[in-house]
Amino acid sequence: MSKNGKSSYTSGSSMERLYNGLVKENPTFVLMLGMCPTLAVTTSAMNGLGMGLTTMVVLALSNMIISLLRSIIPDKVRIPAFIVVIASFVTMVELLLEGFIPALYDALGLYIPLIVVNCIILGRAESYASKNPVIPSLFDGIGMGLGFSFALTCIGAVRELIGAGELFGFRIMPEAYVPCAIFIMAPGAFFVLAALTAIQNKIRINGEKKGKDMSKIQSGCNEDCMNCREEGCSHRFYGSSVKENGKAGNAGGQAVKSTDGKGRE
């Protein structure tokens, strides 16, 4: 490790990015992003896993390239530039799926090109990759992608198990089991998503009752911008002004207190 601690910072930041994407800032269960593919393609665990991993590849690679080009891309055209980078990787992934995994390509259908406008990818590019080094940005994309994959696979597994009695295409339930077909239809996605989110809320509430710090879970923000260390937080667009206003407010408060104190004396 170097004297200035750069390597340790990079390692810690990378692991933190993975943990945030999987738990604290899970795109589906915590931030409620990317609901369109979440509700549409999770009719089976395999479809959910395939969509999640496809999104993870695009997210990780686009974060890496955008971070590399962050000092070159003009601020006024950053959003179109981000979309061009993302669309390039989506096209590459789409062609690879069509050539090597045609069954998954047919199952996901239109939702593969729609990855371009997935708010998870554009949001991470804008709030994190465009402001941070390459390695943390890469791990941020991997972490968010793994969190998205985990969520979609869980939803797809529950829907497939209840709605068809299978898991990843293998028969799990006994022959006497009567599948509940509504779970592999559109309403089933809402039912399962609501149930899994409720379970996470229950875990968060139980943790708070035990005295654990659960403030990050479910909110994605601790609402304390002055002491926040989350460099990828979207609130940091206004971080400087918030800090300046906070300092000015504190100074004003101290002046008022001293004046009042003298007046009372």
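Numbering of residues begins at 1 and proceeds along the displayed sequence. Atoms considered below: every heavy atom in the structure, side chains included; atoms not considered: hydrogens, waters and symmetry mates.
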Could you grab the distance from atom [atom1] of [X] to atom [atom2] of [Y], nearest 0.5 Å is fine?
X	Y	atom1	atom2	value
I115	I86	CD1	CD1	10.5 Å
L33	I121	CG	CD1	11.5 Å
L22	F148	CG	CZ	13.5 Å
E166	E160	CD	CD	6.0 Å

Are more than 12 heavy atoms, taken from residues, nucleotides or ligands other than [X], located less than 6.0 Å from that residue's [atom1] atom?
X	atom1	value
F82	CZ	yes
M173	CE	yes
F190	CZ	no

Linking I/L/V/M/F/W/Y whenever any side-chain heavy atoms sit under 4.5 Å apart, do [X] and [Y] land together?
X	Y	answer
F191	M185	no
I142	L53	yes
M35	F29	yes
M92	L61	yes

Taking atom types as modelled and ignoring hydrogens, do the side chains of S130 and R70 form a donor-acceptor contact shorter than 3.5 angstrom? no
Does any non-hydrogen side-chain atom of R17 lie less than 4.5 Å from one of Y128? yes
Shortest non-hydrogen pair, L152 vs G48, comes out as CB-O, 3.5 Å
Is it true that a side-chain atom of T197 and a backbone atom of L193 form a donor plus acceptor pair closer than 3.5 Å? yes
